[in-house]
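These notes concern the structure reproduced below.
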Amino acid sequence: MKSLLLISALAVSSISSVFAEEKVPKWTSLFNGKDLTGWVDVNTSPETWKVKDGILICTGKPIGVMRTEKQYENFVLHIEWKHMEAGGNSGVFVWSNATPAPNRLPLGMEVQMLELDWPKLYPDKNGNPRPIAYVHGELFGANGLTAVPDNPRGQRSKSVENRCKPRGEWNTYDVVCVDGVIKLSVNGKFVNGMSQSSMRKGYICLESEGAEIHFRNIKIMELPGGTATAEQTAPVITEKQK
């Protein structure tokens, strides 16, 4: 009996150790509310980003990005943002190479963040207002990334419902990125997505694009690794390249 109890105890201990070693997905903060720890400026300036009262403030000038220190493959990203100017423009890049193209922005999947007045302040070449879908979480491959839109507007994907709030009010994006598929929730509802992304692992970048925008509560839940090949993974940026 004692031998049986000992064997049972050892078995339970062994099983417990296995489960303890497994990585259970959990939320990790990407912004500590105090400084820019964990972020690397790519091509903006020391004056572009500052932290005040737990808020990450971006002046929007110059155009460019800052990136996370590490790369991410499969994850859920939670980010809250609000524009401070009419027609403000910004966004967050996922699966990015964090290397500026001629337009100063990198290759990556861009999750658009536009202020509600943007379509009428920046009409098309015929003077007509841009589609309102521009504003509400449009998704698109930037600077060479390709993907298949769920709700096509050309090569971009437009939201099926307009849910963004105007300048001065906080918006919440929850971005699910798994094996080349991205799904976007705007203020509590999934409204957009793309699939078959040509990049599936890379950096997360915050965009500075001409207007003041505020960020808070930026956190990530890393999920198990998936199908990303070497060709679908952004090159690692070394210390010498920073």
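Start at 1 with the first residue, then count along the sequence. Just so you know, these numbers use all the heavy atoms, side chains as well, and skip hydrogens, waters and symmetry mates.
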- Asn74/Glu222 under side chain to side chain contact (heavy atoms under 4.5 Å, CB included): CA gap, chis, key distance, verdict: CA-CA 6 Å; Asn74 293 340; Glu222 288 192 74; over 6 Å; no
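- Side-chain polar atoms of Thr233 and Arg200 form no donor-acceptor pair below 3.5 angstrom.
- What you find for Ile63 and Gly210 is that their closest heavy atoms are CG1-N, 4.3 Å.
- For Trp39, there are no ring-ring contact (aromatic ring centres under 6.0 Å, His included) partners at least two apart in sequence or on another chain.
- Within the 4.5 Å cutoff, the side chain of Ile55 has no heavy atoms near those of the Phe31 side chain.
- Closest approach of Gly144 and Ser198 over heavy atoms only: O-OG, 4.2 Å.
- Residue pairs meeting the side-chain hydrogen bond (donor to acceptor under 3.5 Å, both in side chains) criterion with at least one partner in residues 90-111, sequence neighbours excluded, are Asn103-Asn143.
- Other residues sharing a hydrophobic cluster with Leu223 under the 4.5 Å side-chain heavy-atom criterion for ILVMFWY residues are Trp27, Val76, Val176, Val178, Phe190, Met221.
- Contact between Phe93 and Ala142 at its shortest, heavy atoms only, is CE2-CB, 3.7 Å.
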- Starting from the C-alpha separation in whole Å, work towards a yes-or-no answer on side chain to side chain contact (heavy atoms under 4.5 Å, CB included) for Arg167 and Lys82. CA-CA 6 Å; Arg167 63 187 177 277; Lys82 66 176 176 180; over 6 Å; no
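- Between the NZ atom in Lys70 and the OG1 atom in Thr68 there is a gap of 8.5 Å [rounded to 0.5 Å].
- For the residue pair Pro119 and Ile132, the shortest heavy atom distance occurs at CG-CD1, 4.2 Å.
- Looking at heavy atoms from C-beta onward, Pro100 lies in side-chain contact with Val42 at the 4.5 angstrom threshold.
- No donor-acceptor pair closer than 3.5 Å links the side chain of Asn126 to the backbone N or O of Asn128.
- Looking only at side-chain heavy atoms (C-beta outward), Asn192 and Asn151 come within less than 4.5 Å of each other.
- Within the 4.5 Å cutoff, the side chain of Phe140 has no heavy atoms near those of the Leu145 side chain.
- The backbone N or O of Ala228 sits less than 3.5 Å from a side-chain atom of Glu73, completing a donor-acceptor pair.
- A distance of 7.0 Å separates OG1 in Thr172 from NZ in Lys165, rounded to the nearest 0.5 Å.
- Ile57 places none of its side-chain heavy atoms less than 4.5 Å from the side chain of Trp49.
- A 4.5 Å side-chain heavy-atom check between Leu206 and Ile79 finds at least one atom pair inside the cut-off.
- Of the possible polar contacts, none joining the Asp117 side chain to the Lys120 backbone as a donor-acceptor pair under 3.5 Å is found.
- Counting only N and O atoms by type, the side chains of Asp41 and Thr44 include a donor and acceptor under 3.5 Å apart.
- No donor-acceptor distance shorter than 3.5 angstrom exists from the side chain of Asp124 to the backbone of Arg130, with no hydrogens or angles considered.
- Within the structure, side-chain hydrogen bond (donor to acceptor under 3.5 Å, both in side chains) contacts touching residues 50-65 (residues at least two apart or in different chains) do not occur.
- Side chain of Glu115 to main chain of Pro166: no donor-acceptor pair is present (N/O by atom type, distance under 3.5 Å, no hydrogens or angles).
- Counted by atom type alone, Glu85 and His83 present zero donor-acceptor pairs between their side chains at under 3.5 Å.
- The two residues Ser208 and Cys58 make their nearest non-hydrogen contact at CB-SG, 3.5 Å.
- Not counting sequence neighbours, the partners of Tyr173 by the ring-ring contact (aromatic ring centres under 6.0 Å, His included) test are Trp81.
- Counting only heavy atoms from C-beta outward, the side chains of Gln112 and Trp118 never approach each other to under 4.5 Å.
- Ionic pairing of Glu80 and Arg216 is present here: one or more N-O contacts between side-chain nitrogen and carboxylate oxygen are shorter than 4.0 angstrom.
- Every salt bridge (charged side-chain N to carboxylate O under 4.0 Å, His left out) that Asp150 has, sequence neighbours left out, goes to Lys183.
- For the pair Ser45/Pro62, a side-chain contact is recorded, criterion being any heavy-atom separation below 4.5 Å from C-beta on.
- Smallest separation of non-hydrogen atoms from Gly193 and Ser157: O-OG, 3.0 Å.
- Taken from OG1 in Thr146 to CE in Met199, the straight-line distance is 10.5 Å, to the nearest 0.5 Å.
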